[in-house]
Amino acid sequence: MSHGHSHGGGCSCESEPSDGPERGLEYGLFRKIDLDKLQCLNESREGSGRSVFRAWEERNDRTRFVESDDDEELLFNIPFTGNVKLKGIVLIGEDSDTHPAELRLIARFSNVSHLSIHISKNFGAENTKIYYIGLRGEWTEAHRHEVTICNYEAAANPADHKVSQITPQTNFIS
């Protein structure tokens with residue numbers, strides 16, 4: 001398959017021979033993406049960026065894709081429902097100049113709860129087109145703590161603490 005790069009040294013294009021069911025299990029992190037909060041910037045059709053994160057078995061579906069709008073760049077902000085140790089990425093694009101040529105990842109790859117993928121350029125086309133992005137790795141449940149907003153006073157200001165006036169009562173027992 002000729003699309004502007006070689007298949008040696010880490011390319012994970014659809015032409016690789018390993019298409020067994022175990023491969024689908026490896027790339028199952030799409031189930032752990034919070035799709036409601038996923039963002040794709042510079043997509044030509046709103047919401048289309050979410051459609052490229054799907055099951056391995058659906059990777060060859062050419063009816064669902066994302067295409068860049070104004071230029072060749074795309075930026076995916078991917079929140080996970082837990083912590084992820086990312087081990088691999090598969091990206092399937094068009095067999096043309098619209099295929100991504102450069103991919104940048106913004107995160108440390110162990111124990112991430114959010115990942116940004118920046119497609120900065122393609123092989124010379126005006127727009128970039130992606131059909132599938134598969135994420136391989138390990139997922140663990142996040143231990144998130146709610147944020148508590150507290151105010152601490154070094155010295156109490158009586159004007160801040162309104163107290164009902166207490167009238168002392170004296171009772172005499174005769």
Side-chain angles (χ1 to χ4, degrees), residues 1-139 142:
M1 174 179 277
S2 173
H3 51 265
H5 64 277
S6 69
H7 285 267
C11 176
S12 295
C13 296
E14 65 180 331
S15 63
E16 284 190 343
S18 178
D19 285 340
E22 63 280 348
R23 176 72 103 170
L25 292 174
E26 290 178 11
Y27 285 92
L29 280 181
F30 76 96
R31 291 182 191 99
K32 305 301 184 183
I33 295 173
D34 188 346
L35 287 174
D36 293 334
K37 295 179 182 171
L38 186 139
Q39 294 179 322
C40 181
L41 303 180
N42 196 33
E43 60 189 359
S44 63
R45 193 175 34 129
E46 189 173 335
S48 61
R50 291 183 182 103
S51 70
V52 299
F53 296 93
R54 56 182 183 265
W56 173 258
E57 296 78 24
E58 300 173 19
R59 72 190 178 283
N60 293 322
D61 180 358
R62 296 295 190 254
T63 62
R64 295 185 284 169
F65 60 89
V66 62
E67 190 169 20
S68 62
D69 191 16
D70 294 328
D71 56 20
E72 72 273 20
E73 292 189 64
L74 286 167
L75 178 62
F76 294 92
N77 291 310
I78 308 159
F80 294 102
T81 59
N83 294 323
V84 169
K85 182 176 183 180
L86 189 65
K87 294 183 175 184
I89 295 179
V90 170
L91 189 143
I92 297 176
E94 189 70 56
D95 191 12
S96 69
D97 288 346
T98 65
H99 193 285
E102 186 174 89
L103 172 86
R104 295 180 181 165
L105 302 175
I106 308 155
R108 290 185 167 263
F109 301 124
S110 61
N111 204 28
V112 296
S113 60
H114 180 273
L115 177 68
S116 294
I117 298 176
H118 179 218
I119 310 293
S120 57
K121 62 182 178 180
N122 59 27
F123 287 97
E126 189 173 313
N127 300 83
T128 299
K129 193 171 189 177
I130 299 171
Y131 292 105
Y132 173 82
I133 297 177
L135 302 174
R136 181 173 57 93
E138 299 170 6
W139 179 87

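Considering OH of Tyr132 and CG of Asp61, their distance stands at 12.0 Å, rounded to 0.5 Å. Here Glu126 contributes atom CD and Asp70 contributes atom CG; the two are 9.0 Å apart, rounded to the nearest 0.5 Å. Expressed to the nearest 0.5 Å, how far CG of Leu91 lies from CG of Leu103 amounts to 6.5 Å. In this structure, CD1 in Ile117 is found 5.5 Å from CG in Leu135, a value given to the nearest 0.5 Å. Atom-to-atom distance recorded for Ile133:CD1 and Ile78:CD1 is 6.0 Å, nearest 0.5 angstrom. With values rounded to the nearest 0.5 angstrom, Glu58 atom CD is found 9.5 Å from Thr63 atom OG1.
Checking side-chain atoms of Ser44 against main-chain N and O of Glu67 turns up a donor-acceptor pair under 3.5 Å. Listed for the Glu94 side chain is no donor-acceptor partner under 3.5 Å among the backbone atoms of Lys129. The backbone N or O of Asn122 sits nowhere less than 3.5 Å from a side-chain atom of Thr128 that would complete a donor-acceptor pair. Panel note: side chain Arg45, backbone Phe65; a donor-acceptor pair is recorded below 3.5 Å. In this structure, Asn42 contributes its side chain and Leu75 its backbone to no donor-acceptor pair below 3.5 Å.
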>> As a quick check of understanding, evaluate side-chain contact (heavy atoms from CB on, under 4.5 Å) for Asp69 and Glu46, giving each step before the final call.
In response: CA-CA 10 Å; Asp69 191 16; Glu46 189 173 335; over 6 Å; no
>> Working note: Asn77 + Leu41, criterion side-chain contact (heavy atoms from CB on, under 4.5 Å); need CA distance, chi angles, decisive distance, verdict.
In response: CA-CA 8 Å; Asn77 291 310; Leu41 303 180; 4.2 Å; yes
>> Evaluate Trp56 against Phe30 for side-chain contact (heavy atoms from CB on, under 4.5 Å), listing each step before the verdict.
In response: CA-CA 9 Å; Trp56 173 258; Phe30 76 96; over 6 Å; no
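Taking the ring axis of Tyr131 as reference, the NZ or CZ atom of Arg54 does not stay both within 45° of it and closer than 6.0 Å to the ring centre.
For the pair Gly49 and Cys40, the tightest heavy-atom approach, listed with the atom from each and the gap, is CA-CB, 3.8 Å. The shortest heavy-atom contact between Ser48 and Glu43 is N-OE1, 3.5 Å. Annotation for Leu38 and Arg50: closest pair O-NH2, 3.4 Å, computed over non-hydrogen atoms. Between Glu72 and Ala125, the closest heavy-atom pair is CB-O, 4.2 Å.
At a threshold of 4.0 Å, the pair Glu138-Lys87 counts as salt-bridged, since one of the basic side-chain nitrogens sits closer than that to a carboxylate oxygen. Between Glu102 and Arg104 there is a salt bridge, with a side-chain nitrogen of the basic residue lying less than 4.0 Å from a carboxylate oxygen of the acidic one.
The side-chain heavy atoms of Ile33 and Phe80, taken from C-beta on, include a pair separated by under 4.5 Å. With a 4.5 Å cut-off on side-chain heavy atoms, Arg136 and Val90 do not count as touching. For the pair Leu115/Val84, no side-chain contact is recorded, criterion being any heavy-atom separation below 4.5 Å from C-beta on.
No side-chain donor-acceptor contact under 3.5 Å links Asp34 and Thr81.
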